[in-house]
Amino acid sequence: MNVRRDYSNIFYKNFLREEYCMSQEIRVRFAPSPTGPLHIGGARSALFNYLLAKKNNGKMLLRIEDTDRERSSSESEENIKDSLKWLGINWDEGVDVGGEYGPYRQMERLDIYKKYIDKLLSEGKAYKCYCTEEELEKQREEQRARGETPRYAGCCRDLTPDQEEKFQAQGRRPVIRFRVPGGEIIRVDDAVRGKVNFESDGIGDFVIVKSDGIPTYNFAVVVDDHEMKITHVIRGEEHLTNTARQVLLYEALELSQPTFAHVSLILGKDRSKMSKRHGHTSVVQYRINGFLPEAIVNFLALLGWSPEGEEEIFTLDELIKQFSLDRVVKSPAVFDMEKLKWINGYYIRNSSIERIVELAIPFLQEAGYLDENVDEEKRQWVSMIVAAVRNRLSTVREIVDYMELFINDEIKPESEKALKELQGEQVSQVLETLLSKLQEAEDLEPENVKKILKSITKELKLGGRKVFMPIRIALTGQMSGPEMHDVIPVLGIEKVEKRISYVKENFLQ
RNA sequence: GGCCCGUUGGUCAAGGGGUCUAAGACACCGGCCUUUCACGCCGGUAACAGGGGUUCGAAUCCCCUACGGGUCACCA
């Protein structure tokens with residue numbers, strides 16, 4: 001069903017009113033749990049939220065969902081914030097920057113949740129459950145064995161005060177469960193998927209407060225989104241089924257619901273949810289492998305969303321102008337590394353030399369081609385290399401692969417074919433001429449070298465190939481590569497001399 | 001397995017019943033440029049999962065099947 005443009009849909013009318021008429025400020029949030037580095041899929045969710053907010057002059061919030069004390073870490077939180085900033089996704093409210101609906105870390109909001117819990121408890125919409133994990137696990141086993149859907153059986157639904165006392169005396173620490181009403185159809189309105197229905201009977205009474213007193217995700221997220229006046233919840237499709245539970249909570253608490261938008265998953269090459277075995281999954285990994293943030297943003301935006309026109313290259317600002325939720329698709333997208341590399345290469349080619357030099361330096365240091373301290377001379381050197389190889393790079397890191405070409409003076413022809421090129425009868429004359437011309441040259445600027453190269457063909461009355469190929473192979477050993485007039489300036493006269501005499505001794509007839 | 005979502009070329013995707021003989025991008029192939037390769041430019045191959053309906057007419061609406069995915073925690 002093509003719900004995206006079903007204007008008769010009441011929900012959609014409301015949505016349009018909000019999005020385009022600004023009767024209400026758009027407030028969105030990205031709410032990661034700090035249990036690992038920012039995932040590429042999370043980054044896309046954050047991006048879509050950000051784009052929707054900025055497009056509508058709304059607010060983007062960053063909330064940290066750290067209720068899993070076992071797995072949450074401040075390193076992960078830092079990683080997530082760093083990655084977001086690196087991508088250019090900033091937040092108007094939230095952790096670190098504050099705001100009037102704080103605090104923005106869930107563990108700092110425990111007293112806020114308590115109010116809502118008490119309300120549910122006193123209205124009988126939630127109850128304490130004393131079952132132990134082992135008991136529940138056993139139950140689930142049995143249900144599975146019988147071919148049933150594992151679900152909480154409701155043992156503690158109607159405990160008498162006596163029973164409760166007994167359990168407490170045993171030292172059992174209760175969880176609090178939400179009493180899921182039976183026989184109801186739960187309707188989830190989703191901006192990308194339309195109306196999705198769930199049966200409440202398919203959902204067991206779920207835990208809203210853990211035995212350590214900390215609320216679970218499904219509960220905290222509802223309270224926070226309400227308290228923080230979130231208008232649109234854009235998140236991954238894996239949350240779609242959770243949304244049913246959350247809707248139940250919104251209803252029980254008598255809170256109005258935000259607009260939900262569940263974006264489909266990003267898949268690996270084998271079409272399963274992207275995970276480590278598909279390669280890099282976190283934003284930092286792309287960063288440390290020489291991807292540019294604007295390339296990642298551009299690429300991610302195109303996964304699941306499409307612009308109206310035919311342009312494919314967008315800056316963040318352009319994306320903000322163009323973005324709209326009704327152009328987000330429902331079907332999952334395979335992460336296409338080839339296209340990412342192409343986009344990245346595009347941005348590398350269109351960046352300034354200086355910027356690529358800055359980005360390249362750490363990779364060159366890591367590979368041992370540069371010391372910790374990079375002086376002006378070295379920087380110049382790198383700059384010439386970047387100029388020579390820039391349009392062949394799809395990641396900045398790849399510059400490392402070209403370094404041997406500029407360093408190692410013991411040139412060996414890469415193949416039989418290359419060797420043959422060196423053994424033509426004109427070769428030694430070509431190399432002699434090149435050498436003397438370079439020695440006499442006023443400078444070795446690329447433009448000048450280009451002229452010199454050209455003049456050799458004229459002077460010796462030789463075809464270009466007979467001149468260029470031997471020089472290329474003598475100087476680099478390879479039959480293809482960056483322009484010779486870019487390579488020679490990097491080498492300098494000394495290295496050219498060295499390489500030519502080495503080749504003469506070893507490979508010329 | 002239950003529930004939920006999805007299915008247009010190898011991949012991302014446009015598409016709102018006739019204008020679809022189905023856009024664009026990546027990849028691939030060919031040509032031009034460059035006396036190399038790359039970049040750039042031009043061109044080409046390649047798709048509506050299958051079956052039923054509805055309709056004068058379906059990629060588009062409905063149903064079924066198949067396939068893929070997600071989810072069924074005191075994780076988020």
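So that the names make sense, note that chain A is the first sequence line, chain B the second, and so on, each numbered from 1. Any value given below was found using the heavy atoms of this structure, including those in side chains, with hydrogens, waters and symmetry copies removed.
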Would you say the ring centroid of A:F335 lies under 6.0 angstrom from that of A:F299?
yes
Measuring from the side chain of A:K454 (C-beta onward, heavy atoms only), which nucleotide among B:A38, B:A14, B:U35 has the closest atom?
B:U35
A:E312 has its side chain closest, among B:C3, B:A76, B:G24, to B:G24
Between A:R193 and B:G69, is there a side-chain N or O to OP1/OP2 distance below 4.0 Å?
no
Check RNA chain B for consecutive Watson-Crick or G-U pairs with both distances under 3.5 Å and list the runs of at least three as stems.
B:1-7 with B:66-72, B:10-12 with B:24-26, B:28-32 with B:40-44, B:49-53 with B:61-65
Within this structure, what is the CD-to-C1' distance between A:E310 and B:A23, rounded to whole angstrom?
6 Å
Protein-nucleotide distance (A:D66, atom CG; B:C75, atom P), rounded to Å
13 Å
With the side chain defined as heavy atoms from C-beta on, A:M469 is closest, among B:U35, B:U36, B:C37, to B:U36
Between A:L302 (CG) and B:C26 (C1'), how many Å, whole number?
10 Å
Cationic tip of A:R177 above A:Y152 ring, under 6.0 Å, 45° of axis:
yes
Please state how far atom NZ in A:K330 lies from atom P in B:G68, giving the value in whole angstrom units.
21 Å
By the 4.0 Å heavy-atom rule, please label A:G304 as base, sugar-phosphate, or nothing.
sugar-phosphate
Using 30° and 60° as the class boundaries, would you call the ring planes of A:Y346 and A:W342 parallel, tilted or perpendicular?
tilted
Can you tell me if the side-chain N/O atoms of A:R271 get under 4.0 Å from OP1 or OP2 in B:C67?
no
From the candidates B:A14, B:A27, B:U36, the one with an atom nearest any side-chain atom of A:E338 is B:A27
Determine the contact category for A:S211: base if any of its heavy atoms lies under 4.0 Å from a base atom, sugar-phosphate if only primed atoms, P, OP1 or OP2 are that close, otherwise nothing.
base
More 5' along RNA chain B: A:A333 or A:K339, using each one's nearest nucleotide?
A:A333
Between A:A31 and A:F299, name the one whose nearest nucleotide on RNA chain B is closer to the 5' end.
A:F299
OP1 or OP2 of B:G68 sitting under 4.0 Å from any side-chain N/O of A:K273?
no
What nucleic acid atoms does A:R140 come within less than 4.0 Å of, heavy atoms only: base, sugar-phosphate, or nothing?
sugar-phosphate
Taking the basic N atoms (NZ, or NE/NH1/NH2) and the acidic carboxylate oxygens, is any pair closer than 4.0 Å for A:E77 and A:R105?
yes
OP1 or OP2 of B:G6 versus the side-chain N and O atoms of A:S264: is any pair under 4.0 Å?
no
Quick check: any donor-acceptor pair below 3.5 Å linking the side-chain of A:N242 to the base of B:A76?
yes
Base, sugar-phosphate, or nothing for A:R235, non-hydrogen atoms under 4.0 angstrom?
nothing
Can you find a side chain N or O atom of A:R349 that sits less than 4.0 Å from OP1 or OP2 on B:A38?
no
Quick one: which of B:A76, B:U35, B:G24 gets closest to the side chain of A:Y217?
B:A76
Base, sugar-phosphate alone, or nothing: which one does A:V175 contact when heavy atoms must sit under 4.0 Å apart?
base
Could you check how far CG of A:L267 sits from P of B:A13, rounded to whole Å?
10 Å
Separation of B:A76 atom P from A:H39 atom NE2, nearest Å, is 18 Å
Taking 4.0 Å as the cut-off, does a side-chain nitrogen or oxygen of A:K210 come that near to OP1 or OP2 on B:C75?
yes
For the pair made of CG in A:L300 and P in B:C12, what is the distance, rounded to whole Å?
14 Å
So does A:V180 get a backbone contact from the side chain of A:D205, meaning a donor-acceptor N/O pair under 3.5 Å?
yes
Under 4.0 angstrom between A:K450 side-chain N/O and B:U34 OP1 or OP2
no
Is the NZ or CZ atom of A:R44 both under 6.0 Å from the centre of the six-membered ring of A:F48 and within 45° of that ring's axis?
yes
Do A:E414 and A:K412 sit within salt-bridge range, that is, some charged N less than 4.0 Å from a carboxylate O?
no
A:Q322 CD to B:A13 P: how many Å, rounded?
16 Å
Given the side-chain rings of A:H239 and A:Y217, with only the six-membered ring counted for Trp, is the space between their centroids under 6.0 Å?
yes
Would you indicate whether A:K125, at its atom NZ, is surrounded by more than 12 heavy atoms from other residues, nucleotides or ligands within a distance under 6.0 Å?
yes
